[in-house]
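Everything below concerns the one structure shown next.
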Amino acid sequence: MAGLITRFAPSPTGPLHLGHAFSALIAWDLAQASGGTFLLRIEDIDTARCKPEWEAAIFDDLRWLGLDWPEPVMRQSDRAAAHAQALARLSAMGLTYRCICTRSDIRAALSAPQEGAPAHGPDGPVYPGTCRQAGHSDSDAAVRLDMAAAMARVGGLVSFHEAGPIYPGRHVFDTAQMVGQVGDIVLARRDIGSSYHLAVVVDDAVQGVSLVPRGADLFAATAIHVLLQRLLDLPVPDYHHHRLIRDAAGQRLAKRDDARALSLFRAQGLAVDDIRALVGPGSGGVAAGLPAQHPAR
Ligand code: GLU
């Protein structure tokens, strides 16, 4: 059995904290235990928010945790052509449309009295579809996926195998869920030309990632990723969503929460075993069970 290819894919928008260490250690441990490979990928398509100093800090922190990875690492900002090609393919399939709505247009449309309470999807409020039939051609407009058409194209169902300990098993999503709870997601932002969802799917595939460990906050996004993989004929990896590391008040850690920054623990003289002890069980990953082998769909 070939070893797993796992990855840790941070965005250099702030300091890594304990939650990132947890994720990276799980990815590392699962790759090591299977005789596989741990990859680091820098997700820096949002150039307005990403900073070279945060990228340098990611490398330092991960090396301090004792991790290594094949070089050179993939940087998503170098991958614009591949992302554009995937977008063009989805557009050629008739599954996309241009959207000129601003955030406040969307808020206003959703607060119309007849709409009721807007559903919240992985990217915020579910888009009300204002531009779906409008036929905009502005080249600087955002590009959205027509979710109903996309789900029809894959036969109305998408599924993935969850290999992590908190939601184990196969998860299936149908058209009603994807249209009602996720909606017409953005595939390319007007300022970026891609989006997290599109870039992550294209790049996981080109790197041959077979297991994606990441926080439980991205579980809902995984249904989107599997749909895009199916539409683009890419292999569907297994996923391992792990619990989120929370602060004493029960809030999940955020990058702005500098108090939990790894660099501070490091400055206080802690070692990687102390970090493993702080984040608790699961950073051994292996104890939680290696994923079963499932054929990619
Ligand atoms: N780049 C994303 C982040 O830093 C992670 C994406 C993923 O693991 O799929 O939150």
Determine whether the side chains of His197 and Asp123 contain a donor N or O and an acceptor N or O closer than 3.5 Å. yes
Is the distance between the ring centroids of Phe265 and His17 under 6.0 Å? no
Leu227 versus Met151: any side-chain heavy-atom pair under 4.5 Å? yes
Kindly give the heavy-atom pair with the smallest separation between Arg190 and Asp140, and that separation in Å. CB-O, 2.7 Å
Closest heavy-atom contact between Leu270 and Trp64? O-CZ2, 3.0 Å
In terms of heavy-atom contacts, does CZ of Arg246 have more than 12 from other residues, nucleotides or ligands at under 6.0 Å? yes
Any chance you could lay out the side chain to side chain contact (heavy atoms under 4.5 Å, CB included) test for Gln32 and Leu4, step after step, and finish with the verdict? CA-CA 8 Å; Gln32 292 291 108; Leu4 296 169; over 6 Å; no
Is it the case that more than 12 heavy atoms not belonging to Glu53 sit under 6.0 Å from its CD atom? yes
I'd like to know if the side chain of Thr96 reaches the main chain of Val143, judged simply by a donor and an acceptor atom lying under 3.5 Å from each other, with no hydrogens or angles considered. no
From OG1 (Thr175) to CG (Leu157), nearest 0.5 Å: 6.5 Å
Can you check whether Met93 reaches Leu231 side chain to side chain, under 4.5 Å on heavy atoms? yes
Would you call the rings of Tyr239 and His241 parallel, tilted or perpendicular, where under 30° means parallel and over 60° means perpendicular? parallel
Quick check: is Val201 connected to Met74 through a chain of hydrophobic side chains (ILVMFWY, heavy atoms under 4.5 Å apart)? no
Given 3.5 Å as the limit, does a donor-acceptor pair link the side chain of Asp274 with the main chain of Ala271, or not? yes
Could you check Arg63 against Glu71 for salt bridge (charged side-chain N to carboxylate O under 4.0 Å, His left out), going step by step and ending with a plain yes or no? CA-CA 13 Å; Arg63 287 200 189 101; Glu71 299 271 5; 3.6 Å; yes
Report the C-alpha distance between Arg276 and Asp29 in whole Å, list the side-chain angles of each, state the deciding distance to 0.1 Å, and finish with yes or no for salt bridge (charged side-chain N to carboxylate O under 4.0 Å, His left out). CA-CA 12 Å; Arg276 284 189 186 267; Asp29 289 345; 2.7 Å; yes
Between Glu43 and Arg75, does any NZ, NE, NH1 or NH2 come within less than 4.0 Å of an OD or OE carboxylate oxygen? no
Taking side chain as C-beta onward, heavy atoms only, is Val73 less than 4.5 Å from Phe59? yes
Please determine, by modelled atom types, if His20 and Asp61 share a side-chain donor-acceptor pair under 3.5 angstrom. no
Starting from the C-alpha separation in whole Å, work towards a yes-or-no answer on side chain to side chain contact (heavy atoms under 4.5 Å, CB included) for Leu145 and Asp184. CA-CA 5 Å; Leu145 182 69; Asp184 293 354; 5.7 Å; no
Group every Ile, Leu, Val, Met, Phe, Trp and Tyr by side-chain heavy-atom contacts under 4.5 Å, then state whether Val186 and Val200 land in the same group. no
Applying ring pair (Phe, Tyr, Trp, His ring centres under 6.0 Å), can you list everything that pairs with Tyr127, at least two apart in sequence or on another chain? none
I'd like to know if the side chain of Asp44 and the backbone of Ser77 have a donor-acceptor N/O pair within less than 3.5 Å. yes
Note: Val126 and Gly183 closest approach over all heavy atoms is CG1-CA, 3.7 Å
Donor-acceptor pair, distance only, cut-off 3.5 Å: does the side chain of Asp105 make one with the backbone of Thr102? yes
Could you check His171 against His161 for side chain to side chain contact (heavy atoms under 4.5 Å, CB included), going step by step and ending with a plain yes or no? CA-CA 6 Å; His171 293 266; His161 176 70; over 6 Å; no
Side chain to side chain, Arg266 and Asp60, heavy atoms closer than 4.5 Å: yes
As an exercise, state the distance from NE2 of His120 to CD of Gln181, rounded to the nearest 0.5 Å. 13.0 Å
Rounded to the nearest 0.5 Å, what's the gap from CZ on Phe22 to CZ on Arg214? Could you check? 15.5 Å
Taking C-beta and beyond as the side chain, do Leu234 and Asp204 meet within less than 4.5 Å on heavy atoms? no
So how far is it from Ser194 OG to Arg79 CZ, rounded to the nearest 0.5 Å? 10.0 Å
Grouping I, L, V, M, F, W and Y whenever their side-chain heavy atoms are under 4.5 Å apart, do Trp69 and Leu262 come out in a common cluster? yes
Rounded distance [0.5 Å steps], SG in Cys131 versus CZ in Arg144: 8.0 Å
Hydrophobic clusters here meaning ILVMFWY residues chained together by side-chain heavy-atom distances under 4.5 Å, can you tell me if Leu90 and Val236 are in one? yes
From CA spacing to verdict: side chain to side chain contact (heavy atoms under 4.5 Å, CB included), Phe173, Val182: CA-CA 11 Å; Phe173 299 83; Val182 178; over 6 Å; no
Locate the shortest heavy-atom distance separating Gly215 from Leu244; write the atom from each residue and the value. CA-CD2, 3.9 Å
Main-chain N/O of Leu187 paired with Ser195 side-chain donor or acceptor, under 3.5 Å: yes
Donor-acceptor under 3.5 Å (Asp174 side chain, Ala176 main chain): yes
When every non-hydrogen atom of Trp54 is compared with those of Thr13, the smallest separation belongs to CD1-C, 3.7 Å
Got a sec, which residues hit salt bridge (charged side-chain N to carboxylate O under 4.0 Å, His left out) with Arg189, two or more places apart in sequence or on another chain? Asp46, Asp191
Using the ring-ring contact (aromatic ring centres under 6.0 Å, His included) definition, which of the options Phe160, Tyr196, Phe219 pairs with His225? Tyr196
May I ask you to decide if Leu40's main-chain N or O and Arg7's side chain share a donor-acceptor pair within less than 3.5 Å? no
Side-chain heavy-atom pair Leu16, Pro10 within 4.5 angstrom cut-off: yes
Do Leu39 and Thr37 have side chains that approach each other closer than 4.5 Å (heavy atoms only, starting at C-beta)? yes
Would you say the side-chain atoms of Arg89 pair up with the backbone N or O of Leu232, donor to acceptor, closer than 3.5 Å? yes
Expected output: side-chain Thr6 to main-chain Ala27 donor-acceptor under 3.5 Å: yes
Without swapping roles, check the side chain of Ser23 against the backbone of Gly19 for a donor-acceptor pair under 3.5 Å. no
Would a hydrophobic clustering, with Ile, Leu, Val, Met, Phe, Trp and Tyr connected at side-chain separations under 4.5 Å, put Leu278 with Leu67? yes
Scanning both residues in full, the closest heavy-atom pair of Asp146 with Arg132 reads OD2-CD, 3.9 Å
Value rounded to 0.5 Å, distance of CZ in Phe8 from CD1 in Ile58: 7.0 Å
Would you call His240 and Ile26 a side-chain contact if the rule is heavy atoms closer than 4.5 Å? yes
Give a yes-or-no answer on whether the side chains of Gln207 and Arg41 include a donor-acceptor pair shorter than 3.5 Å. yes
Using the test salt bridge (charged side-chain N to carboxylate O under 4.0 Å, His left out), find all partners of Glu162 that sit at least two apart in sequence or belong to another chain. none
